[in-house]
Q: 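First the structure, which I've put down as structure tokens, then a few questions once you've had a look.
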Amino acid sequence: MAAEDELSRRTARLAKITELCGDPFFITKFDKTHSATAVKTKFEGLAAGEKTDQSVSVAGRVMAIRNNGMFVVILDDTDRLQIFHDLKASAPELLELLALLDLGDIIGVTGLVRRTPRGEITVDATELKVLSKALEPPPEKFHGLKDVEARFRHREQDLVATPRTRETLRARYKMVAAIRQYLYDREFLEVETPMLHVMAGGAIAKPFVTHHNALDMPLYLRIAPELHLKRLVIGGVSEKLFEINRCFRNEGLSPKHNPEFTSLEVYQAYVDFTAMIDLTEAIVHHVALMLHGTGKVKFGDKEIDFTPPWPRKGMVELVREHTGLDLDALTDPVAARAAAQKIGVSTEPGLSWGQIVETVFGHKVEDKLIQPTHVIDLPKEISPLSKAWPDRPHVAQRFETYVNGWEIANAFSELNDPREQRARFLEQAEQKRGPDDPPHPIDEDFIKALAFGMPPMGGLGIGIDRLGMLMTDSASIREVIAFPTMRAVD
RNA sequence: GACCUCGUAGCUCAGCCGGUAGAGCAUCUGACUUUUAAUCAGGGGGUCAUGGGUUCAAAUCCCAUCGAGGUCACCA
């Protein structure tokens with residue numbers, strides 16, 4: 001039967017239902033007394049074949065109709081639940097309505113709870129209401145929705161058809177809630193800063209550009225909230241604050257990159273980056289415990305142990321361990337570049353020593369860091385917002401945390417010297433980057449804010465989507481984003 | 001952006017050494033009073049992503065386009 005026929009068949013049934021008991025789309029409420037799980041839990045003790053005289057009202061989507069409607073399975077946001085209709089003894093109106101049910105309809109049922117001889121908790125329907133009619137059929141009941149494109153373009157279908165999708169997205173949302181609660185409990189204030197920026201700062205990435213009509217000027221979707229968050233700390237809104245929200249980067253898509261993604265950024269005055277290491281471990285471990293009851297989390301064929309503390313290793317030290325190349329001994333960029341070339345890492349000419357270290361690290365080390373590892377001692381040249389060590393001026397007081405080869409956290413002792421910050425920005429603006437990259441703008445408002453006096457502080461960013469992937473054994477970032485970015489179809 | 005793979009019924013898939021399209025689920029008709037992916041019998045349902053080419057003949061081979069996935073590149 002063609003799709004149009006399916007639509008007209010279901011529409012015809014809707015008309016009949018409307019004749020019988022009114023238009024379902026006019027219904028505004030249903031007094032649901034129990035969720036599917038609540039029913040199953042409450043009557044757990046029933047023996048097979050045992051009946052009760054206790055009535056419940058349940059509601060959900062019709063997932064299966066067996067034995068001509070004798071058994072109907074509904075799904076709500078907790079579980080599936082079986083409904084029984086006595087095809088011989090039920091009221092004729094009920095049976096008439098039952099015959100008009102389709103897979104996917106939303107129904108409300110009132111009836112007595114029993115356990116069938118086969119052991120299934122079941123509601124013997126005495127009342128049936130169609131609360132909403134599905135005019136389109138659901139995906140195949142056993143194999144579900146497999147087509148990746150369809151799953152992401154029509155997440156509602158995927159959610160109905162694929163238990164794993166429900167679990168993954170729920171876990172992601174619970175994870176975000178757990179992180180918020182963790183920080184609330186420690187008196188961090190959750191704040192909001194602009195999504196629309198006059199210039200996109202706080203990171204290096206290509207921004208999305210839009211235009212404000214009334215102001216007749218370009219605006220950029222933020223690539224990071226960092227600079228505004230620091231300004232809030234400077235102003236004294238709170239010495240401990242955070243934001244969990246979206247950032248946007250106009251770059252390539254990959255299993256680890258979505259154009260919009262969620263980041264957590266935390267700032268705390270009067271602490272250094274080592275406090276952010278502790279906080280990173282605490283937050284991530286807390287999330288693992290909350291979702292899995294243990295710090296050890298399965299990912300693919302690996303087991304990742306989030307139990308603190310995690311090892312800290314220098315970036316140059318790691319490069320040495322994995323390649324034998326000691327970049328500390330080659331501080332001249334030309335020599336460093338030649339040495340990198342020898343071990344098969346070619347770099348653009350004109351890169352700084354720090355950029356070469358980062359490139360070699362990215363090619364030779366990154367994907368080997370499976371268990372949580374804090375990479376410390378990052379080059380100052382690639383850390384324009386971080387304080388350097390007084391006794392090691394080319395090394396930043398910064399770390400990046402890697403898990404499963406992915407960067408999931410990035411933090412530093414925040415640079416608060418406005419003169420030094422201006423110099424770093426200028427250096428940044430001159431640094432060699434991609435051929436079509438726009439020049440890095442200098443955010444004078446931010447420098448002015450620093451000049452107003454920023455307390456020493458630690459700042460931390462955690463990629464929520466990637467953390468979500470780790471916590472849900474998801475190979476693609478799209479699994480943990482309800483509606484990942486897709487190309488438009490005609 | 002480059003390369004590889006994929007796109008067949010509403011869904012899940014088969015068919016791909018060229019010969020005019022199949023199965024299961026869903027759907028329709030009938031049977032069935034306790035099913036658990038219910039079962040049994042029968043029926044209907046297709047622009048084989050789109051466009052072009054080769055050929056007597058194309059779902060199948062070739063080219064282009066669109067969409068998707070992957071790898072790489074890009075990426076604080």
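Residue numbers start from 1 in every chain, and the chains themselves are labelled A, B, ... in the order their sequence lines are given, proteins ahead of strands.
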Q: Salt bridge (Lys or Arg N to Asp or Glu O under 4.0 Å): which pairs involve residues 35-46 of chain A, sequence neighbours left out?
A: Lys40(A)-Asp79(A)

Q: I'd like to check the salt bridge (charged side-chain N to carboxylate O under 4.0 Å, His left out) partners of Asp77(A); sequence neighbours left out, ordered by chain and number.
A: none

Q: Hey, could you give me each pair passing salt bridge (Lys or Arg N to Asp or Glu O under 4.0 Å) that has a residue in residues 242-260 of chain A? Not counting sequence neighbours.
A: Arg222(A)-Glu243(A), Arg246(A)-Glu260(A)

Q: In terms of side-chain heavy atoms of Ser476(A), which of G70(B), G67(B), U34(B) is nearest?
A: G70(B)

Q: How would you list, by chain and number, every residue that makes a salt bridge (charged side-chain N to carboxylate O under 4.0 Å, His left out) with Glu127(A), sequence neighbours excluded?
A: none

Q: With the side chain of Phe142(A) defined as its heavy atoms from C-beta on, choose the nearest nucleotide among C75(B), A76(B), A37(B).
A: A37(B)

Q: Ring pair (Phe, Tyr, Trp, His ring centres under 6.0 Å) with Phe412(A): which residues, sequence neighbours excluded?
A: none

Q: Given Lys368(A) and Glu321(A), is the salt bridge (charged side-chain N to carboxylate O under 4.0 Å, His left out) satisfied, shown in steps?
A: CA-CA 11 Å; Lys368(A) 308 219 165 45; Glu321(A) 267 180 30; over 6 Å; no

Q: Listing time: all N or O pairs from protein to nucleotides 38-41 of chain B that are below 3.5 Å?
A:
residue, atom, partner, partner atom, Å
A38(B), OP1, Lys141(A), NZ, 2.3
A38(B), OP2, Arg66(A), NH1, 2.6
A38(B), N7, Asn67(A), N, 3.1
A38(B), N7, Asn67(A), OD1, 3.4

Q: Can you pull out every salt bridge (Lys or Arg N to Asp or Glu O under 4.0 Å) where at least one residue sits in residues 98-113 of chain A? Sequence neighbours excluded, please.
A: Arg9(A)-Asp102(A), Arg13(A)-Asp102(A), Asp102(A)-Lys133(A), Asp105(A)-Lys133(A)

Q: Any residue in residues 144-160 of chain A with a heavy atom nearer than 4.0 angstrom to RNA chain B? Just list them by number, or reply none.
A: Gly144(A), Leu145(A), Lys146(A), Asp147(A), Val148(A), Glu149(A), Arg153(A)

Q: Output all residues satisfying side chain to side chain donor-acceptor pair (under 3.5 Å) with Thr274(A), sequence neighbours left out; order by chain, then residue number.
A: Asp272(A)

Q: Taking only the C1' atom of each, what is the distance from G67(B) to A31(B) in whole angstrom?
A: 45 Å

